[in-house]
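Quick note: numbers below take in every heavy atom, side chains included, and nothing from hydrogens, waters or symmetry partners. The sequence lines fix the lettering, A, B, ..., with proteins before strands; numbering per chain opens at 1.
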Amino acid sequence: QLSLFRLAAKRPFSTSHSSVDSEEIKKFQLLAHKWWDEEGEYSALHSMNDIRVPFIRDTLMSMSDNYHLGNPLSGVKILDVGCGGGLLSEPLARLGASVTGIDPLEDNIRTADRHKSFDPVLAKRIQYKSSSLEEIVEESMETFDVIVASEVVEHVADLETFIKCCSQVLKPEGSLFITTINRTQLSYVLGIVVAEKIMGIVPEGTHEWEKFVPPEELEHLLESNGFSVKTVNGMLYNPLWGSWSWMESTSLNYAVHAVKSGAQGQSGLTDAPAEMDIQQHSATAGTAG
Amino acid sequence: LGHDIHFHDKKIALLEAGPRKEYDHMPDSYSNRVSSISPGSATLLSSFGAWDHVCSLRLKPFRRMQVWDACSEAMIVFEKDDLDDMGYIVENDVIMSALTKQLDAVADRVEVFYRSRAVGYTWPLPSHSCDTSPWVQIELADGRRLQTKLLIGADGHNSVVRREAGIKNIEHQYDQSAVVATLHLSEATDNNVAWQRFLPTGPIALLPLSDTASSLVWSTSHEHASELLAMDEESFVDSINSAFWSNINHSDFIDTAGAMFRSAISLLKPSGTAVRQLPPSVAEVDPESRAMFPLGMGHATEYVQHRVALIGDAAHRVHPLAGQGVNLGFGDIACLAHHLSAAAFNGSDLGSLKHLLKFETERQRHNVSLIAATDLLKRLYSTRLAPLVLLRTWGLQATNALPPVKVRI
């Protein structure tokens with residue numbers, strides 16, 4: 001409650017729409033110290049790294065002319081929005097990127113800071129800030145090469161504002177990666193009923209089905225705000241093995257890669273989003289099926 | 001790992017109890033500690049450039065392996081149809097030197113602490129929100145401290161890492177010791193065959209080193225091993241020759257039964273029987289080259305834990321009768337390196353159990369069956385009892401006649 005108060009006080013240019021939803025914050029407060037238990041409440045997010053990190057890595061490598069296999073993301077500035085305990089920030093930093101992780105919940109940032117502090121390499125490459133996306137827009141116009149918003153947009157109060165802010169802090173031709181959950185009957189049954197109430201894959205109450213985002217809606221919002229959607233791909237979680245894999249259908253979880261258009265003011269060319277070829281680099285581990 | 005591209009900016013420390021070993025050329029005499037290197041292991045060594053050094057120092061490829069019983073005429077011959085080598089006999093010092101050279105090549109990433117010993121380990125607590133370091137802390141004998149995200153225990157069958165990590169080990173001391181020596185043959189020969197004969201007291205093997213020299217590995221009872229070491233050189237040489245050549249353990253019954261089976265096979269499969277060749281005779285032994293060491297088997301119940309992995313003899317120990325001990329270790333290395341490389345390319349924490357468990361599953365599946373089979377063979381061949389001799393005689397003859405089974409071995 002104290003942290004929410006601070007947030008309200010810090011917002012000088014507050015708009016009536018904000019992307020941060022205070023109800024959502026309360027849900028995550030309780031679990032702020034559980035982030036790094038690989039077998040605990042956040043185990044599904046830990047194992048999601050096995051597909052989302054290669055996705056981000058390979059996409060960026062394919063868009064770049066020169067990269068070093070030992071340090072593929074070197075020189076890339078990444079903003080991890082809703083970074084939580086830093087689960088995704090750390091692997092991206094290990095691959096060479098300079099990562100700024102932001103999260104509205106101060107306890108999350110505290111956990112993330114402490115966890116990175118033991119590793120001298122990570123401590124240098126990652127900066128964490130307790131903040132919402134709007135709050136950093138002023139000082140970070142067109143600063144980042146990449147924005148990652150993984151498992152965040154389904155918790156956001158105003159999606160369009162969120163996307164507009166992303167566009168403002170992203171460099172032209174910069175990449176935006178989003179992973180989220182679709183709003184379908186199937187996602188209600190599997191994502192809420194089974195995942196939360198029955199199997200406890202996700203702590204109960206974490207998600208509200210009404211806030212799930214269908215890919216069509218997300219694509220439309222992106223395209224009308226200066227982005228060109230390049231890739232949309234479905235993701236599937238296998239609770240038996242605790243592992244994620246890619247799937248054709250986007251009826252459950254899905255990932256999106258969009259690129260901010262280069263010229264000012266252009267409202268995105270509408271490329272037909274392509275199904276992604278899973279790129280097999282010689283040293284990539286296969287995900288357990 | 002130092003040569004792996006995905007490890008470009010990682011730091012690796014190697015703690016080695018022995019001194020630095022590097023040779024530009026080998027001394028004239030051969031060392032009595034040699035290993036039989038499989039083609040798979042050779043591929044691993046060449047993947048980071050070490051095999052070239054081995055070849056430039058010295059090694060002996062062999063094309064054929066003959067394994068036979070002292071109690072019967074049964075034998076099995078392993079041979080590759082094409083002119084590939086079956087394996088290589090390499091002195092351990094040669095391998096060490098080759099590895100040292102390649103370690104020097106990545107000295108910016110791999111730091112080797114020669115003549116060092118770890119005296120204390122501090123393991124990370126499982127709790128994830130504590131304030132102490134989540135890494136493994138190591139204290140060296142000279143007082144230096146190191147910390148690491150992943151500790152790999154490669155410290156042999158009496159592994160301290162394994163013990164300190166609290167990993168249980170299933171072990172069993174065989175009532176046997178192995179006697180090793182460097183032998184000189186009576187006459188020069190192509191010497192590209194590895195010979196092994198199963199005596200009731202244990203297998204005796206002759207591994208080629210050059211046209212005129214071979215290495216001896218004779219597993220036998222502790223008392224006999226001590227006797228062999230104590231006797232004068234001439235008697236020692238005589239014992240070896242008679243071990244290979246004498247038929248004292250044959251019985252008529254077994255011989256007849258064996259002959260019957262062999263004729264049956266030659267009816268069904270004419271190419272299934274082979275002529276038994278005789279190994280070369282030994283003229284003398286290198287003075288000072290005789291040594292013995294006790295044998296046992298062992299298998300760790302777990303190969304990995306959070307931030308710890310065991311490889312090689314620290315994880316498993318086998319009887320030398322199959323010549324597989326070091327190759328199992330190389331297999332462990334290839335597998336662990338593969339998984340660590342992929343994990344590094346994914347930005348994962350190298351000590352994370354997730355990929356370590358994949359390594360453990362893959363290797364345990366492979367190793368357990370081989371270790372069990374080796375142990376079974378050892379027990380099967382330790383007896384003169386007729387039924388078991390018959391069983392293994394027929395078994396060996398059948399295996400020799402069946403190409404698919406042989407190829408798998």
(message) If I compare all heavy atoms of B/A344 with all of A/L95, which pair ends up nearest, and what's the gap?
(response) O-CD2, 3.5 Å

(message) How long is the straight-line distance from CG of A/N49 back to CG of B/N346, given to the nearest 0.5 Å?
(response) 8.5 Å

(request) Write down the atom of B/K354, the atom of A/S47, and the distance for their closest heavy-atom approach. (result) NZ-CA, 3.7 Å

(message) Side chains of A/W36 and B/P134, heavy atoms from C-beta outward: is any pair under 4.5 Å?
(response) no

(request) To the nearest 0.5 angstrom, please state how far the CZ atom of A/R94 sits from the OG atom of B/S348. (result) 7.5 Å

(request) Taking atom NZ of A/K171 as the centre, report whether more than 12 heavy atoms of other residues, nucleotides or ligands fall under 6.0 Å from it. (result) yes

(message) Only pairs of heavy atoms separated by less than 4.5 Å count here; which of A/L92, A/L73, A/D119 has the most with chain B?
(response) A/D119

(request) Determine the minimum heavy-atom distance between A/F118 and B/W135, stating which atoms define it. (result) O-CZ2, 3.8 Å

(message) Tell me whether A/E39 at atom CD has more than 12 heavy atoms from other residues, nucleotides or ligands lying less than 6.0 Å away.
(response) no

(request) With a 4.5 angstrom heavy-atom cut-off, could you sort out which part of A/H68 is near chain B: side chain, backbone, both or neither? (result) side chain

(request) Compare every heavy atom of A/R57 with every heavy atom of B/F345, then report the nearest pair and how far apart it is. (result) O-NH1, 2.7 Å

